[in-house]
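Heads up: the structure comes next, in structure tokens.
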Amino acid sequence: MSGNVAIVEQAIECLNNGDLDGYMSMYSPDAQFVGYPAEVPPNYEGVKAFYADLLRALGQLEVEPIDLFAAGERVVARFTLSGFHNEELLGAAPTKHGVSVEGLTILYFVDGKVLHRVNRIDELSFLNQIGVIPTPGATSTG
């Protein structure tokens with residue numbers, strides 16, 4: 001198994017245990033990020049703040065790798081992110097419901113640190129589950 005895959009596995013374990021600094025240690029301070037919500041600055045500090053919000057808002061946050069493999073200096077991960085929407089997130093009041101969304105990410109490593117991350121999740125499903133976008137066919141009670 002690739003050393004970079006082991007770094008990602010350790011980082012996921014840290015995130016699942018609520019250890020944000022441990023999770024972020026896999027990234028270079030100069031890392032750039034693609035595929036996060038528009039309001040998240042695409043740099044280390046912006047993404048760190050985003051994950052802090054996720055950990056706060058989605059109690060018992062869990063990232064479960066489905067596929068995880070290396071291709072040269074890249075690590076590709078298909079994952080499920082889940083938790084309970086117990087606090088405000090992305091401007092949405094807590095729903096107190098379970099949230100589960102599938103995602104795919106490509107991490108580009110240089111000297112054992114992620115320098116670039118391309119992330120894709122099922123944004124429509126995620127935003128629907130936290131109440132930012134109403135369920136199709138649902139009626140408003142306003």
Side-chain angles (χ1 to χ4, degrees), residues 1-138 140 142:
M1 183 178 297
S2 159
N4 291 339
V5 169
I7 291 169
V8 174
E9 289 175 327
Q10 178 63 41
I12 291 170
E13 185 176 324
C14 287
L15 190 62
N16 288 343
N17 290 324
D19 177 4
L20 180 58
D21 289 332
Y23 173 73
M24 293 301 295
S25 71
M26 84 168 156
Y27 296 104
S28 165
D30 299 323
Q32 293 296 303
F33 300 84
V34 175
Y36 285 80
E39 57 272 4
V40 176
N43 57 36
Y44 181 94
E45 290 302 323
V47 167
K48 183 176 183 179
F50 174 72
Y51 281 106
D53 284 347
L54 278 180
L55 286 168
R56 177 193 47 75
L58 299 181
Q60 302 170 341
L61 176 74
E62 182 176 357
V63 175
E64 181 180 341
I66 300 167
D67 293 309
L68 185 61
F69 59 90
E73 291 300 305
R74 292 172 292 173
V75 172
V76 178
R78 185 169 64 103
F79 60 89
T80 301
L81 181 143
S82 59
F84 290 90
H85 185 207
N86 293 324
E87 300 287 336
E88 182 273 331
L89 180 62
L90 298 174
T95 63
K96 305 295 184 186
H97 295 139
V99 174
S100 182
V101 64
E102 190 171 308
L104 178 71
T105 194
I106 304 171
L107 303 156
Y108 295 84
F109 280 82
V110 174
D111 298 327
K113 294 284 185 182
V114 176
L115 194 57
H116 187 76
R117 178 176 179 169
V118 177
N119 201 56
R120 296 289 180 255
I121 67 163
D122 182 351
E123 285 185 58
L124 181 59
S125 175
F126 183 71
L127 295 173
N128 177 259
Q129 290 177 55
I130 67 169
V132 172
I133 297 174
T135 303
S140 173

Next item on the list: Work out which heavy atom in Ile133 is nearest to a heavy atom in Asn128; give both atom names and the distance.
Entry: O-ND2, 3.1 Å
Check: In Å and rounded to the nearest 0.5 Å, what is the CD to CG distance from Gln10 to Leu15?
Finding: 11.5 Å
Check: What's the verdict on side-chain contact (heavy atoms from CB on, under 4.5 Å) for Val76 and Asp67, showing C-alpha distance, side-chain angles and the deciding distance?
Finding: CA-CA 8 Å; Val76 178; Asp67 293 309; over 6 Å; no
Next item on the list: Taking atom CZ of Phe84 as the centre, report whether more than 12 heavy atoms of other residues, nucleotides or ligands fall under 6.0 Å from it.
Entry: no
Checklist line | Donor-acceptor contact below 3.5 Å, side chain Asn17 vs main chain Glu13 | finding: yes
Notebook entry, point to check: Should Arg78 and Leu104 be marked as a side-chain contact (heavy atoms from CB on, under 4.5 Å) after you check the CA-CA gap, both sets of side-chain angles, and the distance that decides it?
Noted result: CA-CA 4 Å; Arg78 185 169 64 103; Leu104 178 71; 4.0 Å; yes
Check: Given side chains that start at C-beta, do those of Asp30 and Leu115 come closer than 4.5 Å, heavy atoms only?
Finding: yes
Checklist line | Straight-line distance of Arg117 CZ to Ile106 CD1, nearest 0.5 Å | finding: 10.5 Å
Notebook entry, point to check: Just checking, is any N or O donor in the side chain of Arg120 or Thr105 under 3.5 Å from an acceptor N or O on the other one?
Noted result: no
Notebook entry, point to check: Just how far is it from atom CD of Glu9 to atom CG of Leu68, taken to the nearest 0.5 Å?
Noted result: 5.5 Å
Notebook entry, point to check: Taking all non-hydrogen atoms of both residues, which atom of Leu55 and which atom of Gly18 are closest, and how far apart?
Noted result: CD2-CA, 4.1 Å
Check: Which atom names give the shortest non-hydrogen contact between Gln129 and Gly98, and what distance separates them?
Finding: OE1-O, 4.0 Å
Next item on the list: Kindly compute the distance separating CD1 (Ile12) from CD (Glu62), expressed to the nearest 0.5 Å.
Entry: 10.5 Å
Notebook entry, point to check: What about Phe33 and Tyr27, are their ring centers closer than 6.0 Å?
Noted result: yes
Margin query: Salt bridge check, Lys48 against Asp21: does any charged N sit closer than 4.0 Å to a carboxylate O?
Written below: yes
Margin query: Minimum heavy-atom separation for Ala57 and Glu88, please, with both atom names.
Written below: CB-O, 3.5 Å
Check: Is a side-chain N or O of Lys113 found less than 3.5 angstrom from the main chain of Met26, in a donor-acceptor match?
Finding: no
Notebook entry, point to check: Between OH of Tyr36 and CD of Glu123, what distance do you get to the nearest 0.5 Å?
Noted result: 11.5 Å
Next item on the list: Check Gly131 against Thr95 and note the closest heavy-atom contact, atom names and distance.
Entry: N-CG2, 4.3 Å
Check: Heavy-atom distance under 4.5 Å between the side chains of Glu73 and Asn4, does that happen here?
Finding: yes
Check: Should Ile66 and Glu102 count as side-chain neighbours, where that means a heavy-atom distance under 4.5 Å?
Finding: yes
Item checked: His85 to Ile130 - nearest heavy-atom pair and separation -> CE1-O, 3.3 Å
Notebook entry, point to check: Does the side chain of Asn16 reach to within under 4.5 Å of the side chain of Tyr23, using non-hydrogen atoms?
Noted result: no
Check: So Phe109 and Val114, side-chain contact (heavy atoms from CB on, under 4.5 Å) or not? Walk me through it.
Finding: CA-CA 4 Å; Phe109 280 82; Val114 176; 3.5 Å; yes
Next item on the list: Measure the spacing between CD1 of Ile121 and OG1 of Thr80 and express it to the nearest 0.5 Å.
Entry: 11.5 Å
Check: Taking it one step at a time, do Val99 and Phe126 satisfy side-chain contact (heavy atoms from CB on, under 4.5 Å)?
Finding: CA-CA 7 Å; Val99 174; Phe126 183 71; 3.7 Å; yes
Margin query: Can you confirm whether Asp111 is buried at CG, in the sense that more than 12 heavy atoms of other residues, nucleotides or ligands lie under 6.0 Å from that atom?
Written below: no
